[in-house]
Amino acid sequence: MRLTRDFFSRDVLDVAPELLGKTLVRQFETGEELRLTINETEAYRGEDDLGCHASKGRTSRTEVMYHQGGLVYVYLIYGMYWLLNFTTGTEGYPQAVLIRGSVDIEGPGRIGRALKLNKSFYGEDLITSERLWVENNSANSPKTDIITSPRIGIDYAGEYWAGRHWRFRG
DNA sequence: TCGACGATTGCC
DNA sequence: GCAATCGTCGAG
């Protein structure tokens, strides 16, 4: 069953770990469907978080993070990889959770490539989209064996923010 | 308008 | 160890 707006409308530090074990579904134009079980996420939280793109303020790139939860935030990194994020929380407080990996496909860049993401996914609504959404598993049992660690690739954010254990695996 | 750089990956 | 490759952002 598809995750609701309420699921994403909570703090990113609650949503990020709960996405572990959930199923990411991509419906291609051909009708073909790709289903991935999320097993790695990272939280990016507010303008104070120097590792979060929103630390630069409200720009055309970060705009969607200031909107409601359950929207897609994609951006091109290193000129070749589209990284997939979901907005969380409520209007006005920029947050996003980065999908870093799945059981079958590891790595944020590889996820974006497998899902054939591009700029057109920016702002896509996971609650109503017919090409990308997230589903709950029937069991719906919260994971207990979650490993937390520092986020990857944000050393520039300084010791404090780079040191937050906002990376979740399980 | 210009130049630096990045929430990465894969090959040398 | 480092190139690939381009949108974004801040400086000029």
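So that the names make sense, note that chain A is the first sequence line, chain B the second, and so on, each numbered from 1.
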> Under 5.5 Å between ring centres and under 30° between planes: does that hold for A:Tyr44 against the base of B:dA7?
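Yes; by the centre-distance and plane-angle rule, A:Tyr44 counts as stacking on B:dA7.
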> In whole angstroms, how far is the P atom of C:dT8 from the CZ atom of A:Arg58?
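About 17 Å, once rounded to whole Å.
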> For A:Phe121 and C:dG7, give me the distance from atom CZ to atom P, rounded to whole Å.
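Going from A:Phe121 (CZ) to C:dG7 (P), I get 18 Å.
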> Does the pair A:Glu18 and A:Arg10 meet the rule for a salt bridge (Lys or Arg N to Asp or Glu O under 4.0 Å), with working shown?
CA-CA 11 Å; A:Glu18 285 187 37; A:Arg10 297 171 297 143; 3.0 Å; yes
> Expressed in angstrom and rounded to an integer, what is the separation of A:Tyr75 atom OH from C:dC9 atom P?
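Computing the A:Tyr75:OH to C:dC9:P distance gives 13 Å.
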> Please determine if A:Arg131 forms a cation-pi arrangement with A:Phe28, meaning its NZ or CZ atom is less than 6.0 Å from the six-membered ring centre and no more than 45° off the ring axis.
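Cation-pi check for A:Arg131 and A:Phe28: fails.
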> May I ask you to say what A:Gly51 touches in the nucleic acid, namely base, sugar-phosphate or nothing, with a heavy-atom cut-off under 4.0 Å?
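Base, at least one base heavy atom under 4.0 Å.
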> Are A:Phe8 and A:Leu126 side-chain neighbours, meaning at least one heavy-atom pair lies under 4.5 Å?
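Contact flag for A:Phe8/A:Leu126 side chains = yes.
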> Find the distance A:Ile152:CD1 to B:dG6:P and express it as a whole number of Å.
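Going from CD1 in A:Ile152 over to P in B:dG6 covers 16 Å.
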> Would you verify whether the NZ or CZ of A:Arg113 falls within 45 degrees of the ring axis of A:Tyr81 while also being under 6.0 Å from that six-membered ring's centre?
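No; the conditions do not both hold, so A:Arg113 does not lie above the ring face of A:Tyr81.
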> Rounded to the Å, how far apart are A:His53 NE2 and C:dG10 C1'?
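Rounding to the nearest Å, NE2 of A:His53 and C1' of C:dG10 are 15 Å apart.
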> On the nucleotide B:dA7, are OP1 or OP2 found under 4.0 Å from the side-chain N or O atoms that A:Arg167 carries?
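Indeed not, no polar side-chain atom of A:Arg167 lies that close.
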> Could you check how far CG of A:Leu76 sits from P of B:dC5, rounded to whole Å?
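Rounding to the nearest Å, CG of A:Leu76 and P of B:dC5 are 18 Å apart.
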> Going by distance alone, is a donor N or O of one side chain under 3.5 Å from an acceptor N or O of the other, for A:Ser55 and A:Glu47?
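On atom types as modelled, these side chains do not qualify, holding no pair under 3.5 Å.
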> Looking only at side-chain N and O atoms, does A:Arg113 come under 4.0 Å of OP1 or OP2 in B:dT8?
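Answer no for this pair, as no side-chain N or O of A:Arg113 is under 4.0 Å from OP1 or OP2.
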> In this structure, how many angstroms lie between the C1' atom of C:dG7 and the CD atom of A:Glu63, rounded?
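Taking CD of A:Glu63 and C1' of C:dG7, I get 17 Å after rounding.
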> Taking only side-chain N and O atoms of A:Arg164, does any of them lie within less than 4.0 angstrom of OP1 or OP2 on B:dA7?
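No, because none of the side-chain N or O atoms of A:Arg164 sits under 4.0 Å from OP1 or OP2 of B:dA7.
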> Need to verify one output field. Residue with the more 5' nearest nucleotide on DNA chain C, A:Ser60 or A:Met80?
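Here A:Met80 is the residue nearer the 5' end.
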> Does any nucleotide pair with C:dT5 by Watson-Crick or G-U wobble geometry, both distances under 3.5 Å, and what is it?
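None - no nucleotide pairs with C:dT5, as no candidate has both distances under 3.5 Å.
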> Check this one for me: any side-chain N or O of A:Tyr81 less than 4.0 Å away from OP1 or OP2 of B:dA7?
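Checking A:Tyr81 against B:dA7: no side-chain N or O falls below 4.0 Å of OP1 or OP2.
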> Applying the Watson-Crick and G-U wobble criteria at under 3.5 Å, what pairs with B:dA7? Answer none if nothing qualifies.
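B:dA7 is paired with nothing.
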> Judged by each residue's nearest nucleotide on DNA chain C, which is more toward the 5′ side, A:Gly79 or A:Arg61?
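Closest to the 5' end, via its nearest nucleotide, is A:Gly79.
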> Please give, in whole Å, the distance from B:dG10 C1' to A:Glu106 CD?
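Taking CD of A:Glu106 and C1' of B:dG10, I get 16 Å after rounding.
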